[in-house]
Q: 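Attaching a single structure in structure tokens format; questions to follow.
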Amino acid sequence: GFYSHLNRASFCYEISAESFTSFAISKVFSSQLRQRFKVNSNVLNELLVCVDEMVYNAFIHGTLGLSVAERALGHDQLQALISEKLQVPEIKSRVLRLSFTVDNLENVIEISVEDEGPGFDHVSWLKQVQKEQILDIQEHGRGLSLLYHLSDTLTFDKGGRFVSIQKSLLHSGKDAS
């Protein structure tokens, strides 16, 4: 199709905190990639995990400013807290941006998410994650660990409010084994 003949194609979505649902975002992202680009199913699954984690972390921690303890609340309590936070005008007016660029010449995808929250100490987190020999999904920070292990590159900017990954479209971590 048309998209496979492009050198590069970029998409950018801006979502208000008020109308955010991570389900809708990953569904849109998945259908964009499936319909327009040839992506190995293992790679697509890994990309969907990354997008979900990036967007969820940006919404929960960046946009809403929830602590690790608050995030660990039961489903009903968490939903009530989210609804309460979204009543605060400063939080309600925040936006989250998801962008992705498919480079057909390099067979690479770059995905970035930016929030309008306070940011976080991404340098310390990255150092901790880089020391892990295996993926530790028990600790908080699981999302960052997943991003690090599933992407080819992981970078942060704007004080942790901007996260970007790059990944080959040709092979996943599973394919290499």
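All values below were derived from every heavy atom in this structure, side-chain atoms included, with hydrogens, water molecules and symmetry-related copies excluded. Model, not experiment: these values are computed from the prediction.
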Q: Do Leu73 and Leu66 come close enough that some side-chain heavy atom pair is under 4.5 Å?
A: no

Q: Considering residues at least two apart in sequence or located in another chain, which fulfil the side chain to side chain contact (heavy atoms under 4.5 Å, CB included) criterion with Glu14?
A: Val95, Arg97

Q: Are any non-hydrogen side-chain atoms of Asn107 and Val102 less than 4.5 angstrom apart?
A: no

Q: Mind checking whether Leu98 and Phe11 have side chains closer than 4.5 Å, heavy atoms only?
A: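 No. Closest side-chain heavy atoms not under 4.5 Å.
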
Q: Got a sec, which pairs hit salt bridge (charged side-chain N to carboxylate O under 4.0 Å, His left out) with one end in residues 29-40, sequence neighbours left out?
A: none

Q: Please name the pair of heavy atoms, one in Val43 and one in Leu169, separated by the smallest distance, quoted to 0.1 Å.
A: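 Shortest heavy-atom contact: CG2-O, 4.0 Å.
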
Q: Give a yes or no answer on whether the side chain of Ser30 reaches the backbone of Ser26 with a donor-acceptor pair at less than 3.5 Å.
A: no

Q: Apply the test side chain to side chain contact (heavy atoms under 4.5 Å, CB included) to residues Gln77 and Glu70: give CA-CA distance (whole Å), side-chain angles for both, the deciding distance (0.1 Å), then the verdict.
A: CA-CA 9 Å; Gln77 284 180 298; Glu70 288 172 322; over 6 Å; no

Q: Run the ring-ring contact (aromatic ring centres under 6.0 Å, His included) test against Tyr13 and tell me which residues pass, sequence neighbours left out.
A: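 ring-ring contact (aromatic ring centres under 6.0 Å, His included) list for Tyr13, sorted by chain: empty.
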
Q: I'd like to check the salt bridge (Lys or Arg N to Asp or Glu O under 4.0 Å) partners of Asp103; sequence neighbours left out, ordered by chain and number.
A: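 In terms of salt bridge (Lys or Arg N to Asp or Glu O under 4.0 Å), with neighbours along the sequence ignored, Asp103 is linked to Arg8.
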
Q: List for me each residue that meets side-chain hydrogen bond (donor to acceptor under 3.5 Å, both in side chains) alongside Thr101, sequence neighbours excluded, and say none if there are none.
A: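 Here the qualifying residues are Ser10.
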
Q: In Å and rounded to the nearest 0.5 Å, what is the CG to CD distance from Leu48 to Glu53?
A: 12.0 Å

Q: In Å and rounded to the nearest 0.5 Å, what is the OG to CZ distance from Ser112 to Phe162?
A: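 Answer for the OG-CZ pair, Ser112 versus Phe162, is 4.0 Å.
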
Q: When rounded to the nearest 0.5 angstrom, what is the spacing between CG in Leu64 and CG in Leu78?
A: 8.5 Å

Q: In the single-linkage hydrophobic clustering (I, L, V, M, F, W, Y; side-chain heavy atoms under 4.5 Å), do Phe29 and Val108 co-cluster?
A: no

Q: Roughly how far, to the nearest 0.5 Å, is CG of Asp115 from CG of Asn57?
A: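 The CG atom of Asn57 sits 9.5 Å away from the CG atom of Asp115.
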
Q: What pair of heavy atoms forms the shortest contact from Val113 to Ala58, and how long is it?
A: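 Between these two residues, the closest heavy atoms are CG1-CB, 3.6 Å.
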
Q: Applying ring pair (Phe, Tyr, Trp, His ring centres under 6.0 Å), which residue pairs with at least one partner in residues 64-98 are found, sequence neighbours left out?
A: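 Of all non-adjacent pairs touching residues 64-98, none passes ring pair (Phe, Tyr, Trp, His ring centres under 6.0 Å).
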
Q: Please list all pairs meeting salt bridge (charged side-chain N to carboxylate O under 4.0 Å, His left out) that have one or both residues in residues 74-93, counting only residues at least two apart or in different chains.
A: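 The answer is Glu18-Lys92, Glu90-Arg94.
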
Q: Measure up the Phe20 and Phe59 rings against each other and bin them: parallel (under 30°), tilted (30 to 60°), perpendicular (over 60°).
A: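 Rings of Phe20 and Phe59: parallel, as their planes differ by under 30°.
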
Q: Only counting residues at least two apart or in another chain, list the ones meeting side-chain hydrogen bond (donor to acceptor under 3.5 Å, both in side chains) with Ser41.
A: none

Q: Would you please name every residue forming a side chain to side chain contact (heavy atoms under 4.5 Å, CB included) with Ser168, sequence neighbours left out?
A: Asp152, Leu170, His171

Q: Measuring from atom CD of Glu46 to atom CD1 of Ile165, what distance do you get when rounded to the nearest 0.5 angstrom?
A: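 Atom-to-atom, Glu46:CD and Ile165:CD1 are 9.5 Å apart.
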
Q: What residue pairs, at least two apart or across chains, pass side chain to side chain donor-acceptor pair (under 3.5 Å) with a residue in residues 154-165?
A: Glu110-Ser164, Glu114-Lys158

Q: Can you name the ring-ring contact (aromatic ring centres under 6.0 Å, His included) partners of Phe156, sequence neighbours left out?
A: Phe120, His122

Q: Is there a side-chain contact between Ile91 and Leu86 in this structure, where contact means two heavy atoms from C-beta onward sitting under 4.5 Å apart?
A: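 Yes - at least one pair of side-chain heavy atoms lies under 4.5 Å apart.
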
Q: Has Lys167 got a side-chain atom pairing as donor or acceptor with Leu150's backbone, closer than 3.5 angstrom?
A: yes

Q: Nearest 0.5 Å, please: how far is OH in Tyr56 from OG1 in Thr63?
A: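 Spacing of OG1 (Thr63) from OH (Tyr56) equals 12.0 Å.
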
Q: Would Gln32 and Phe100 count as a side chain to side chain contact (heavy atoms under 4.5 Å, CB included) here? Give the steps.
A: CA-CA 10 Å; Gln32 287 273 352; Phe100 68 97; 3.8 Å; yes

Q: Has Ser124 got a side-chain atom pairing as donor or acceptor with Asp121's backbone, closer than 3.5 angstrom?
A: no

Q: Transitively linked via ILVMFWY side-chain contacts under 4.5 Å: Leu47 with Val28?
A: yes

Q: Taking only residues at least two apart or on different chains, which pairs with a member in residues 54-63 satisfy salt bridge (charged side-chain N to carboxylate O under 4.0 Å, His left out)?
A: none

Q: Grouping I, L, V, M, F, W and Y whenever their side-chain heavy atoms are under 4.5 Å apart, do Val39 and Leu105 come out in a common cluster?
A: no

Q: Spell out, as yes or no, whether a donor-acceptor pair under 3.5 Å connects the side chain of Asn104 to the backbone of Tyr3.
A: yes

Q: Under a single-linkage definition using a 4.5 Å side-chain heavy-atom cutoff for Ile, Leu, Val, Met, Phe, Trp and Tyr, are Trp125 and Met54 assigned to the same hydrophobic cluster?
A: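 Same cluster.
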
